[in-house]
Amino acid sequence: MALVTLAEVKLHLNIPESETAHDTELQVFMNAATPKVEYIIGPIDARTVTETHNTLGRNVIILRTVPILSITSVTEYIGEQSFTLTSQPPGTSSTTLYGYYLNDTNSGLLVRRVSGYTGCFLGAEVKVVYSAGRATVPADVKLAALDDIRALWQQTQVAA
């Protein structure tokens, strides 16, 4: 999913869609806007992220790239043994000692669960593989990107 499309940019700039003389330049502006927006709000397109956290004595970790779309795997390392943690949302009962719960997709708060209750990580290291990004681009973010592109466009159209 693109932050904005060429058709949206042309509409915002009042350029007829059939006019293609500036498409390459507009695409450069579109490409420049994406990293600026992602620096502020996190990824737009879904991407796979792998993180390793030191967890000894903790009961939560904060994933670094948000928002979280889904968790692929959570692996806890106790010594040289690895244990795959399973999703244990609050309100569910579980007999396994190896669980987790993603408390908040926007903050990336991942909570360690033990038999359906909050507990501490047993190992010193946890590896989390997850997907971060957005299902859709919020309207205010799209408008901000279009306005940034408009400012770049206007600067190139001013006579010397």
Between Asp148 and Leu152, does a side-chain contact (heavy atoms from CB on, under 4.5 Å) hold up when you go through it step by step? CA-CA 6 Å; Asp148 182 52; Leu152 292 170; 4.3 Å; yes

Apply side-chain contact (heavy atoms from CB on, under 4.5 Å) to Arg150 and Leu146, showing your working. CA-CA 6 Å; Arg150 178 199 49 77; Leu146 287 169; over 6 Å; no

Are Gln27 and Asp23 linked by a side-chain donor-acceptor pair shorter than 3.5 Å? no

Glu38 side-chain N/O to Ile44 backbone N/O, donor-acceptor pair under 3.5 Å: yes

Minimum heavy-atom separation for His12 to Leu143, with atom names? CE1-CD1, 4.1 Å

Apply side-chain contact (heavy atoms from CB on, under 4.5 Å) to Phe29 and Val9, showing your working. CA-CA 10 Å; Phe29 297 155; Val9 170; over 6 Å; no

Is there a donor-acceptor contact under 3.5 Å from the side chain of Arg134 to the main chain of Pro43? yes

side-chain contact (heavy atoms from CB on, under 4.5 Å) between Leu3 and Met30, worked out: CA-CA 8 Å; Leu3 176 60; Met30 292 165 55; over 6 Å; no

Do you know which two heavy atoms are closest between Gly57 and Cys120, and how far apart they sit? O-SG, 3.8 Å

Where at least one partner belongs to residues 54-80, residue pairs that pass side chain to side chain donor-acceptor pair (under 3.5 Å), sequence neighbours excluded: Glu76-Arg112

Given side chains that start at C-beta, do those of Arg113 and Ser87 come closer than 4.5 Å, heavy atoms only? no

Does CD in Glu19 sit with more than 12 non-hydrogen atoms of other residues, nucleotides or ligands closer than 6.0 Å? yes

Sequence neighbours left out, what passes ring pair (Phe, Tyr, Trp, His ring centres under 6.0 Å) with Tyr117? Give chain and number order. none

Work out which heavy atom in Pro89 is nearest to a heavy atom in Tyr101; give both atom names and the distance. CA-CD1, 3.4 Å

Note: with side-chain heavy atoms under 4.5 Å as the link, the other cluster members for Ile71 come out as Val49, Ile61, Leu63, Val66, Ile68, Val74, Ile78, Phe83, Leu85, Leu97, Tyr98, Tyr100, Leu102, Leu110, Val114, Phe121, Leu122, Val126, Val128, Tyr130

Quick one: are Lys142 and Glu8 in side-chain contact, heavy atoms under 4.5 Å? yes

Any Lys/Arg nitrogen of Glu51 or Lys127 sitting under 4.0 Å from an Asp/Glu carboxylate oxygen of the other? no

So, for Ala46 and Leu69, which heavy atoms are closest and what is the spacing to 0.1 Å? CB-CD1, 3.6 Å

With distance as the sole test, does Lys10 use its side chain to make a donor-acceptor pair with the main-chain N or O of Leu26 at under 3.5 Å? no

Is the count of non-hydrogen atoms from other residues, nucleotides or ligands lying under 6.0 Å from Gln154 atom CD greater than 12? yes

